[in-house]
Amino acid sequence: MPRNFYTRPTLVVAKDLLGKFIVRKWRGRDIVGEIVEVEAYIGPHDKASHAYKGKITPRNKAEYLIGGHIYIYLVYGMYWQFNISTSFEGKPECVLIRALEPINEKVGNPPDVGEFHKTFCHSALDAESRRKKINLDSRLCGNDIKRLYRRFHVVPNGPGKLCNYLKIDKSFYGEDMVKSGKIWLEDRGLKVKKSEIIATKRIGIDYAQEWVRVPWRFCLKNNKFVSKK
DNA sequence: GTACAGATTGAG
DNA sequence: TCAATCTGTACT
């Protein structure tokens, strides 16, 4: 999608993201998902926004970039949250991508665990072991394999799991989706009617007082990949 | 230097 | 309902 898709008003962009396709180039293949759930965060007035009162820190400064840039951060010490900036340079507005309908993965029919282990675990374990400075062999037990299996073969029906599915992390901070060769957005001609969009309050922002109630979470009606229910 | 909460998740 | 897990931020 071009720049002028992302620079429109944030609530318009948020709704229009539903039915668009995220394409992620990874290890020579395309990981693709249709966006089915999003949330808008509109600073500086929105108390749920990290840019409330115009706050700027090294963590949130990507929110202020012109529409189309990635704002990604870690929550609860372990989950990445994938946001796309909207509006113009200096306006801290963005859309959190909360769920995808996977396109090129066989959902419900994951690869054989043994096959998965051969394909993915060794490199993943290498990286993890290096990070934690622990002996590689000591980690080759059932629970570790299961844990990695969950991380690598995941249904992206929540904001944290979606980042695992797309294989993205902090290295994508500030990435421009209009120009990137690693991740971008496509319109594949799917039409989403207004009547197919549900608006609800946003999830997990109970601290945001009167901003808890604004209906800035948008989901595709009856889509089974939407988080919560 | 140190305390603490958080746009989540899966297990029990 | 609970705990895993760790970074950014706001304090002292």
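Per chain, numbering begins at 1; letters A, B, ... match sequence-line order.
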_Output the rounded distance in Å from CD1 (A/I72) to C1' (C/dG8)._
16 Å
*asked:* Can you tell me which residue among A/T86, A/V214, A/I42 is in a side-chain contact (heavy atoms from CB on, under 4.5 Å) with A/L11?
replied: A/I42
*asked:* Test of understanding: with salt bridge (Lys or Arg N to Asp or Glu O under 4.0 Å), list the residues that count as partners of A/K20, not counting sequence neighbours.
replied: A/D16
*With pairs taken as Watson-Crick or G-U wobble and both distances under 3.5 angstrom, which stems of at least three consecutive pairs involve DNA chain B?*
B:1-6 with C:6-11, B:8-11 with C:1-4
*Using a 4.5 Å cut-off on heavy atoms from C-beta on, say whether the side chain of A/E37 contacts that of A/K228.*
no
*In whole angstrom, give the distance that lies between atom NE2 of A/H50 and atom P of C/dT7.*
16 Å
*Hey, what else clusters with A/Y207 if you join Ile, Leu, Val, Met, Phe, Trp, Tyr whenever side-chain heavy atoms sit under 4.5 Å?*
A/Y41, A/L96, A/I205
_Keeping A/T10 on the side-chain end and A/A40 on the backbone end, is there a donor-acceptor pair under 3.5 Å?_
no
*asked:* Please determine whether side-chain contact (heavy atoms from CB on, under 4.5 Å) holds for the pair A/Y173 and A/K61, giving the CA-CA distance in whole Å, both sets of side-chain angles, and the decisive distance to 0.1 Å.
replied: CA-CA 10 Å; A/Y173 191 89; A/K61 64 183 182 198; 3.7 Å; yes
*Quickly work out the A/W211 CH2 to B/dA7 P distance and round it to whole Å.*
16 Å
*What is the distance, rounded to the nearest whole Å, between atom CG of A/N60 and atom P of B/dG6?*
16 Å
*With a 4.0 Å cut-off on heavy atoms, is A/R202 in touch with a base, just the backbone sugar-phosphate, or nothing at all?*
nothing
*Length of the CZ-P vector between A/R217 and B/dT8, whole Å*: 10 Å
*Residues in side-chain contact (heavy atoms from CB on, under 4.5 Å) with A/N4, at least two apart?*
A/P2, A/T7
*Measure the distance from CD1 on A/I205 to P on B/dG6 and round it to the nearest whole Å.*
12 Å
_Pair A/K201 + A/D206, salt bridge at N-O below 4.0 Å_ = no
*Take atom P in C/dT12 and the same atom in B/dA5, then report the distance between them in whole Å.*
15 Å
*In whole angstrom, what separates A/L74's CG from C/dA4's C1'?*
12 Å
*asked:* Quick one, A/L162 and A/R98 - any side-chain contact, counting heavy atoms below 4.5 Å?
replied: no
*What distance, rounded to whole Å, do you find between the two P atoms, one in C/dA10 and one in B/dA7?*
14 Å
*If you draw the axis of the six-membered ring of A/F5, does the NZ or CZ of A/R8 fall within 45° of it and under 6.0 Å from the ring centre?*
yes
*Please examine the side chains of A/E39 and A/W216, heavy atoms only from C-beta on, and report whether any two atoms are closer than 4.5 Å.*
no
*Decide, yes or no, whether a salt bridge links A/K25 with A/D30 under the criterion of side-chain N to carboxylate O below 4.0 Å.*
yes
*Given atom OH of A/Y52 and atom P of B/dA7, what is their separation to the nearest angstrom?*
15 Å
*Tell me which of A/Y76 and A/K170 sits closer to the 5' end of DNA chain C, going by the nucleotide each one is nearest to.*
A/Y76
*If only side-chain N and O atoms of A/R98 are considered, is one of them under 4.0 Å from the OP1 or OP2 phosphate oxygen of B/dT8?*
yes
*asked:* It should be established whether A/Y207 places a side-chain nitrogen or oxygen under 4.0 Å from OP1 or OP2 of nucleotide B/dA7.
replied: yes
*asked:* Counting only heavy atoms and a strict 4.0 angstrom limit, can you tell me which residues of residues 78-91 of chain A come near DNA chain B?
replied: A/Y79, A/Q81, A/N83
*Looking only at side-chain atoms of A/R59, point me to the closest of B/dA7, C/dG8, B/dT9.*
C/dG8
_Close residues, residues 34-43 of chain A, relative to DNA chain B [heavy-atom separation under 4.0 Å]_ = A/Y41
